[in-house]
Amino acid sequence: MKKMNVNKYQKYQIMDFKNRTWPNKTITKAPIWCSVDLRDGNQALSIPMNLDEKMMMFEFLVSMGFKEIELGFPSASEVEFQFVRRLIEEKKIPKDVTVQVLTQARRHLLERTFESLEGVDNAIVHLYNSTSTAQREIVFNKSKKEIMDIAIEGTKIVKELKEKAKNPNIRLQYSPESFTGTEIDYALEVCHAVMDIWSPDKKNKIIFNLPATVEMSTPNVYADRIEWFSNNVKNRDCVIISVHAHNDRGTAVAAAELAVMAGAQKVEGALFGNGERCGNMDIITMALNLFSQGIDPELDFTDINKIREIYTKTTRMEVPPRHPYAGELVYTAFSGSHQDAINKGMKCYAKSKDKIWNVPYLPIDPKDVGRTYESIIRINSQSGKGGVAYIMENDFGILIPKWMQPDFGKLIQNVTDKTAKELSSLEINDVFKQSYLDTSGWAYKLKKCHIDADSIEVDVKQSKEDKAKQVKTNCIIDFKGKEISFNEYGNGPVDAFVKGLIRATGTRFVLENYSEHAVAKGADSKAIAYISIKTSAGKNIFGAGIDENITVASMKAVLSAFNRI
Ligand code: KIV
Ligand code: ZN
């Protein structure tokens, strides 16, 4: 093993904050969601979205229920400027949706930003400048005061341009960019300076967006910073605290969740966590985490596949198969014990009166996000009999009885062990048919069979009480081209058939289990019978038969097992 150069890195400076209260809080309501797909998400794409793709994404975000959508950086690119103009001129922005545009704090950029917003109903101008120690010292070579002056100057210009635009519905969001790398008291100082100029009130609040531009520590540390800021910012009731977590350590969702517990009211993020480097906070995951706790996410996820489709189409990005709530495999169980538990959980849920979801291994009902039950259980060599039985029942209406499931499970396992591949439900059904129903390889085949419909009373030559209602069967069996026929009585057709078969062939066995049910309804109605027999050598053999007539299905089931001896 090679030693890694750990000395190259230093610990993140954790603030001393003992009065935290967020660990005792829970989230009870969805935050204000702001999608940054069209800005932060888009700027991270190797091929950014074109105008039509942006339009498609915007309309889709609106249809999902987003009320705040960041459109882009209109002063930085012609496409982004044109996009904002098109939305306004073509009246594509619903009255209850606020669009947000990002800008740096320079006059010509701010003027162009306001130009792009002409005629907008509701907008947020999102002003940002970097405040972190590293950016101040390495990138800008500016003092704390000089960096603060950028924010102050920018706010003054936004105020002036807003007055000129005569649009009271233009709000200000200020981001001390690289907040996680900024001394917390300095970040607050800068925000206070911005606030002093903007003069928000309870009706016209200012938004302070506190980004984890780079995720630098565990989510609890971010939450501490948010709570500290929330406790110390002046005129708290005139402020909306927004969080914008990037995913460099893979914990952006947790960071945003804990930040909401710590007092954040607005959450910025992107679908599937698209964004710079390891991405932005994934809104789908955070919102559906709320949903799974019985909290209205206030966004529509009823067709998660559609969300995935629009996302992949517009961004040319892939969704990993194990992406929470949306990945191809997330409602699939391969392991036998998981399949069995899901199978039982589903049945229990179907019967429950309160309809509270409590299915093991599935945090939410796949149906709620437009996914189907059929895709839940897939079969490979890790699967058990329960999963196989579930597929047969759900996909083909074949309810293999419990006592027969291990036999069929073994047959499937033999195939998956050999092929080392996943089996589709059709392939599983084929194994069932070939193993139990397909008569082509049978030595003994049912050729003709007549059952005396009227049961006759037969003296079994014992005491009077032993006289029983008996049924008579007349059967012809084809044995490799030769006919074997028998007439036999029994206390039912199956019993009579078994006795006759034993007598005619000389092969002894006893019937151990029997079960039957209808397979399909209506004109195509068929019956299926399942049988297990025990040979004179003590071996259990299983069979199944299917026919329009349930009695014939039973005889076929006996022959199915008999041929497998
Ligand atoms: O990650 C970030 O800090 C940003 C800002 C522009 C808010 O995207
Ligand atoms: Zn960002």
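Bear in mind the structure is a predicted one, so any value in this text is a computation, not a measurement. Whatever order the structure lists ligands and atoms in, that order sets their numbers, starting from 1. Computed over heavy atoms, backbone and side chain alike; hydrogens, waters and symmetry mates excluded.
Taking every heavy atom of P211 and a limit of under 4.0 angstrom, the matching atoms of ligand 1 come to 2 (C), 3 (O). For ligand 1 and N209, the ligand atoms under 4.0 Å from any heavy atom of the residue are 7 (C). The D40 neighbourhood of ligand 1 comprises atoms 8 (O), with distances under 4.0 Å to a heavy atom of that residue. Atoms of ligand 1 lying under 4.0 Å from at least one heavy atom of H126, given by number and element, are 7 (C). Listed by number with element, the atoms of ligand 1 under 4.0 angstrom from any heavy atom of H246 are 1 (O).
Closest to atom 6 (C) of ligand 1 among all protein heavy atoms lies R39 NH2, 3.7 Å. Looking from atom 4 (C) of ligand 1 to the surrounding protein, the closest heavy atom is H244 NE2, 3.5 Å. Here the protein heavy atom with the shortest distance to atom 3 (O) of ligand 1 is T213 OG1, 2.5 Å.
Here K203 contributes atom NZ and C238 contributes atom SG; the two are 12.5 Å apart, rounded to the nearest 0.5 Å.
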- prompt: Passes side chain to side chain contact (heavy atoms under 4.5 Å, CB included), M64 versus F301? Steps please.
  reply: CA-CA 7 Å; M64 282 184 70; F301 295 100; 3.6 Å; yes
message: Please evaluate residues E268 and Q100 with respect to the criterion side chain to side chain donor-acceptor pair (under 3.5 Å), reporting the C-alpha separation (whole Å), side-chain torsions for both, the decisive distance (0.1 Å), and the verdict.
response: CA-CA 11 Å; E268 296 194 340; Q100 182 168 303; 2.9 Å; yes
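In summary, of the residues considered (E78, E80, E118), a salt bridge (charged side-chain N to carboxylate O under 4.0 Å, His left out) with R112 occurs for E78 alone.
Note: angle at the Zn ion (ligand 2), from OD2 of D40 to NE2 of H246, is 100° (rounded to 10 degrees).
Between the side chains of Q43 and R39, at least one donor N or O lies within less than 3.5 Å of an accepting N or O. In summary, the side chains of S230 and R236 do present a donor paired with an acceptor at a separation below 3.5 Å, with no hydrogens or angles considered.
Within a 6.0 Å sphere centred on NZ of K355, heavy atoms belonging to other residues, nucleotides or ligands number more than 12.
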